[in-house]
K.L.:
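Here it is: the structure, laid out below.
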Amino acid sequence: MVKVTLPDGTKKDFEDNITIGEVASNINSKIKEGALAGRADGVLVDLNYPIKDDISLSVITEGTQEGLEILRHSTAHIMAQAVCRLFPGVKLGIGPTIDNGFYYDFDCSHHFTTEDLKKIEDEMSEIIKENLCFERTEVSRDYAVKEMEKSGQPYKVELIKDIEDDTVSFYRQDEFVDLCRGPHIQKTSKVKAFKLLSVAGAYWRGKETNPMLQRIYGTAFFTNEELKLYLKMLEEAEKRDHRKIGKDLDLFSFHEDGGAGLTFWHPKGARMRSIIEDFWRQEHFKRGYDILYSPHIAKINLWKTSGHWDFYRESMYSPIDVDGHEYILKPMNCPFAVLMYKTKLRSYRDLPLRWGELGTVYRYERSGVLHGLLRVRGFTQDDAHIFCTPDQLEKEILNVIELAQFMLSSFGFNEYEIELSVRGKGEKEKYIGKDDVWDHAENSLKIALDKLGLKYVRMEGEAKFYGPAIDIKVKDAIGRGWQGPTIQVDFNLPERFDVNYVGSDGYHHRVVMIHRTVMGAMERFVGCLIEHYAGDFPLWIAPIQIRILSITDAQIEYAKKLQTQLLLKNFRVECDTGSNKIGYKIREGTLQKIPYLLIVGNKEMQEGLVAVRSRKNGDEGVLPVQDFISRVEEEVREKK
RNA sequence: GCUGCUGUAGCUCAGUGGUGGAGCACGUCCUUGGUAAGGACGAGGUCAUGGGUUCAAAUCCCAUCAGCAGCUCCA
């Protein structure tokens, strides 16, 4: 007899070698129906796993995250089987589950096309219909290597050789065998809703020097409804694409003649950006920051002193010759702030110095990584450098986090994940700076997070060589994550530039430098905002807030007068006094996602009214001009 | 940078080894209308760039530039 302990604490006795599946059927009909695999003493196993000793067991069922992952993993195997059937001789890479789906890598002389994906899907449906069993076998590692060599699977051989256990497991469906830890669903017919999504190149084991394989991405769900919902979500994400919206709303462009990754901000995009920057500056001034402006290029020597020339060269543009001296386009703003700090002797009484800078930097990014506004080669960081004493560090970090939270919530980002990157254990040579200084800095970051009651993940070994950091990942309106604020303590630059302050003891002490952004970069932030709001910006950010539409030519003068009146109140207003019908003008204004369309005909003109059509509510009827102004002023104030 | 795909009017996209098309946008005119597209006419292109194959190339081949999906890397 074996004793099985279930998650709710109940213990039951069963005969030896009873399988997980049989135990599951014994619990209740719901679990029996939905059982996919089990977790036996913490280890994932198949349903037909025989129980030999007393264990604690939880049954993994459909509708759970773990269940979904197993389903997707099995679907990946089915896909690989289909590919092997259709393209004999294909070599298999790996086929794991990922967020939202799975992929499998193949080495195949034939290049997969979208038509191939359809064929593969059809073959998969065939395999599902055949209702094949996933059978697990365990063999010795040496035997496995020989088998895989025999069947011409060099990547599998490599994988097996890297496994430390003496035995390895395989899963077989009919003619298809794959190295796999498992667990899997029992029969292929469990797969009810799947779709292959795309194919793209991927390096074997993610290494650039390795051969490139073809990766097919797909996804699977327990029901067709869930699959449809997911595909709809993908469509929704596509609709929010900032590159498309940016074009439609005339915000920015890129040019072959300008250069890849170099943004051209059109009037409306530039207007948005300047609104954000004005807001940024005001909020910084309120919090005791000053702002700086620094040059775009500097002599190469500065970059040698800072260490960028040695450690960051691959991201920097080549030197520019100026009268026989070499200058470099700046990839970062920090050395400039340091130079300005060092223009005089600073006392501890002067600290902290909080110096912000909307600094435009240029970095060489490999051509394949460029992506709209989100990854560019020239961008403006909302940078700041805080020079402080070690004692002030914690308070400064706290202030920065609060500022970051304030900025994010102002733009409608209310959910985020926080990472604390600290140095790894036992690799001291990787990091500059003394242990006690690191301890102090890491501690200050931690205490600041704790004081604010923020949850965070501690990332061991993720710190840069020059100091620990806090990274904030924000979630947008449809749940996607974006790199947001970063707060970085820097031990490197104060050291390299010998940056000091005079303490109360009259001696010089090394200053502590914090490097931070609260939005990241203007380009990326605006790109992210576009996708977050799907181009439907809140009134205070919208590049055009109001458009006045005349019904006939008789109201042109009234419309212009209204426009002037609103412009004087600091609103961003356009007039559409063309000869199109009102329905047409409304359509145009709506497609441009303008928050307020004011329709003026003779009725409104005679009584000093406007007919308000808001983006949120449509036709709202007429209002006296003054009432409308109060309303939108309020809306701007509240950043709704 | 790598793998694959793509580049035709301002935009979205048809198209074919033999004198380049549509819809929308744009311009002019008619129309002056009441909450998501009124009508007519017109202008617009070295078919990304540079080579090659061919009697003939926008079409086929190569290179370059740029874009897209990923890999790798980052604000």
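We use all heavy atoms of the structure for the numbers below, so side chains are in, but hydrogens, waters and symmetry mates are not. Order of the sequence lines fixes the chain letters, A, B, ..., with proteins taken first and strands second; residue numbering starts at 1 for each chain.
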K.L.:
Does the side chain of R243(A) get closer than 4.0 angstrom to OP1 or OP2 of rC68(B) through an N or O atom?
P.N.:
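Checking rC68(B) against R243(A), a side-chain N or O does come within under 4.0 Å of OP1 or OP2.
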K.L.:
For F336(A), is the NZ or CZ atom of K330(A) found under 6.0 angstrom from the centre of its six-membered ring and inside 45 degrees of the ring axis?
P.N.:
yes
K.L.:
With a 4.0 Å cut-off on heavy atoms, is Y217(A) in touch with a base, just the backbone sugar-phosphate, or nothing at all?
P.N.:
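It contacts sugar-phosphate atoms only.
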K.L.:
Please state how far atom CG in D553(A) lies from atom C1' in rC29(B), giving the value in whole angstrom units.
P.N.:
14 Å
K.L.:
For residues T360(A) and H296(A), is any side-chain donor paired with an opposing acceptor at under 3.5 Å?
P.N.:
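No, no side-chain donor-acceptor contact under 3.5 Å.
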K.L.:
For a quick check of understanding: with a heavy-atom distance under 4.0 Å over all strands, which category does V199(A) fall into, base, sugar-phosphate or nothing?
P.N.:
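No contact.
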K.L.:
Let's see if you can work this out: which of rA69(B), rA48(B), rG38(B) has an atom nearest to the side-chain heavy atoms of E256(A)?
P.N.:
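Comparing rA69(B), rA48(B), rG38(B) against the side chain of E256(A), the answer is rA48(B).
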K.L.:
Under 4.0 Å between a side-chain nitrogen and a carboxylate oxygen: does that hold for E115(A) and K118(A)?
P.N.:
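The answer is no: the pair does not qualify as a salt bridge.
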K.L.:
Identify the nucleotide, in any strand shown, that forms a Watson-Crick or G-U wobble pair with rG27(B), with both distances under 3.5 Å; if there is none, say none.
P.N.:
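Paired with rC41(B).
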K.L.:
With a cut-off of less than 4.0 Å, is there a side-chain N or O of S579(A) near OP1 or OP2 of rU32(B)?
P.N.:
no
K.L.:
Output the distance between atom CG (N399(A)) and atom OH (Y289(A)), rounded to the nearest 0.5 Å.
P.N.:
7.5 Å
K.L.:
So which one's nearest nucleotide on RNA chain B is more toward 5', D241(A) or H255(A)?
P.N.:
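Going by which nucleotide is closer to the 5' end, it is H255(A).
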K.L.:
When you compare rA9(B) with rG27(B), how far apart are their C1' atoms, in angstrom units rounded to a whole number?
P.N.:
15 Å
K.L.:
Indicate, with a heavy-atom threshold strictly under 4.0 Å, whether I582(A) touches base, sugar-phosphate, or nothing.
P.N.:
sugar-phosphate
K.L.:
If you measure from the P atom in rG50(B) to the same atom in rC73(B), how many Å do you get, rounded?
P.N.:
38 Å
K.L.:
Salt bridge or not between R547(A) and E574(A)? Use side-chain N to carboxylate O under 4.0 Å.
P.N.:
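Between E574(A) and R547(A) there is a salt bridge, with a charged N closer than 4.0 Å to a carboxylate O.
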K.L.:
Could a donor-acceptor pair under 3.5 angstrom be found where the side chain of E604(A) meets the base of rG34(B)?
P.N.:
yes
K.L.:
Using purine N1 to pyrimidine N3 plus N6-O4 or O6-N4 for Watson-Crick, or N1-O2 and O6-N3 for G-U wobble, both under 3.5 Å, which nucleotide pairs with rG7(B)?
P.N.:
rC65(B)
K.L.:
Using OP1 and OP2 only, check whether a side-chain N or O of H371(A) sits under 4.0 Å from rC74(B).
P.N.:
no
K.L.:
Pick the C1' atom in rC65(B) and in rC55(B), then give their distance to the nearest Å.
P.N.:
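It works out to 32 Å between them.
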K.L.:
Base, sugar-phosphate, or nothing for G206(A), non-hydrogen atoms under 4.0 angstrom?
P.N.:
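Since only primed, P, OP1 and OP2 atoms lie under 4.0 Å of G206(A), the category is sugar-phosphate.
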K.L.:
Give me the distance, rounded to whole Å, that separates rG42(B) from rG4(B) when you measure between the C1' atoms they each carry.
P.N.:
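Per the computed distance, 43 Å lies between those C1' atoms.
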K.L.:
Is the H73(A)-F102(A) ring centre distance short of 6.0 angstrom?
P.N.:
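No: the rings miss the under 6.0 Å criterion.
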K.L.:
Is the shortest side-chain N/O distance from Y584(A) to OP1 or OP2 of rG39(B) below 4.0 Å?
P.N.:
no
K.L.:
Rounding to an integer number of angstrom, what distance separates rC5(B) and rU64(B) when you compare their P atoms?
P.N.:
15 Å
K.L.:
Could you walk me through whether E531(A) and R480(A) pass the salt bridge (Lys or Arg N to Asp or Glu O under 4.0 Å) check?
P.N.:
CA-CA 10 Å; E531(A) 304 221 357; R480(A) 296 171 302 174; 3.1 Å; yes
K.L.:
Could you tell me which nucleotide pairs with rU35(B) by Watson-Crick or G-U wobble geometry, both distances under 3.5 Å, or answer none if nothing does?
P.N.:
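The answer is none; no pair meets the criterion.
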K.L.:
Among residues 357-365 of chain A, which residues get a heavy atom nearer than 4.0 Å to RNA chain B?
P.N.:
R363(A), Y364(A), E365(A)
K.L.:
Could one point to a donor on the side chain of Y203(A) or the base of rG70(B) with an acceptor on the other under 3.5 Å away?
P.N.:
no
K.L.:
Do R215(A) side-chain and rC71(B) base share a donor-acceptor contact under 3.5 Å?
P.N.:
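Checked by distance alone, the answer is no.
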K.L.:
Counting Watson-Crick and G-U wobble pairs only, both distances under 3.5 Å, name the nucleotide matched with rC74(B), or none.
P.N.:
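By the stated definition (distances under 3.5 Å), nothing pairs with rC74(B).
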K.L.:
Can you check the distance between rC26(B) and rG44(B), where both ends of the measurement are the C1' atom (answer in whole Å)?
P.N.:
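Comparing C1' positions in rC26(B) and rG44(B) gives a spacing of 9 Å.
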K.L.:
Within the structure shown, what part of the strands sits under 4.0 Å from D107(A) by heavy-atom distance: base, sugar-phosphate, or nothing?
P.N.:
nothing
K.L.:
If we take the C1' atom in both rC68(B) and rC29(B), what is their distance in whole Å?
P.N.:
42 Å
K.L.:
Is there a side-chain contact between K603(A) and the phosphate of rU35(B), meaning an N or O under 4.0 Å from OP1 or OP2?
P.N.:
no
K.L.:
Regarding R215(A) and the six-membered ring of Y103(A), is the cationic atom NZ or CZ under 6.0 Å from the ring centre and inside 45° of its axis?
P.N.:
yes
K.L.:
With a distance cut-off below 6.0 Å to the six-membered ring centre and an angular limit of 45° from the axis, does R240(A) pair with Y533(A) as a cation-pi contact?
P.N.:
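Judged by the rule, R240(A) and Y533(A) form no cation-pi pair.
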K.L.:
Within the structure shown, what part of the strands sits under 4.0 Å from S367(A) by heavy-atom distance: base, sugar-phosphate, or nothing?
P.N.:
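Touches a base.
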K.L.:
Could you identify the nucleotide paired to rU12(B), looking across every strand shown and requiring Watson-Crick or G-U wobble geometry with both distances under 3.5 Å?
P.N.:
rA22(B)
K.L.:
Just confirming the chi classification of rG44(B), syn or anti, using 90° around 0 as the syn window.
P.N.:
syn
K.L.:
Using a strict threshold of under 4.0 Å (side-chain N to carboxylate O), is an ion pair present between K244(A) and E238(A)?
P.N.:
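Looking at K244(A) together with E238(A), the answer is no, because their closest N to O distance does not fall below 4.0 Å.
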K.L.:
I586(A) side chain: which of rC71(B), rG33(B), rA36(B) is closest?
P.N.:
rA36(B)
K.L.:
Verify the distance criterion only: is there a donor paired with an acceptor across the side chains of S550(A) and T577(A) at less than 3.5 Å?
P.N.:
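Their side chains do not contain a donor-acceptor pair, so the 3.5 Å distance test is not met.
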K.L.:
Tell me whether the side-chain N or O atoms of R366(A) pair up with the base of rC73(B) as donor and acceptor below 3.5 Å, since no angle test is needed here.
P.N.:
no
K.L.:
May I ask you to say what G601(A) touches in the nucleic acid, namely base, sugar-phosphate or nothing, with a heavy-atom cut-off under 4.0 Å?
P.N.:
base
K.L.:
Students often get this wrong, so: under 4.0 angstrom with heavy atoms, is G520(A) touching a base, only sugar-phosphate, or nothing?
P.N.:
sugar-phosphate
K.L.:
Hey, does K244(A) reach any base, or is it just sugar-phosphate, or nothing, if we go heavy atoms under 4.0 Å?
P.N.:
nothing
K.L.:
For the side chain of R587(A), counting heavy atoms from C-beta on, which of rU35(B), rA75(B), rA37(B) is nearest?
P.N.:
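Nearest to the side-chain atoms of R587(A), counting from C-beta on, is rA37(B).
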K.L.:
Taking the P atom of each, how far is rG20(B) from rA57(B), in whole Å?
P.N.:
12 Å
K.L.:
Taking only side-chain N and O atoms of K247(A), does any of them lie within less than 4.0 angstrom of OP1 or OP2 on rU12(B)?
P.N.:
yes
K.L.:
Between H111(A) and A554(A), who's closer to the 5' end of RNA chain B by nearest nucleotide?
P.N.:
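Its nearest nucleotide being more 5', the pick is H111(A).
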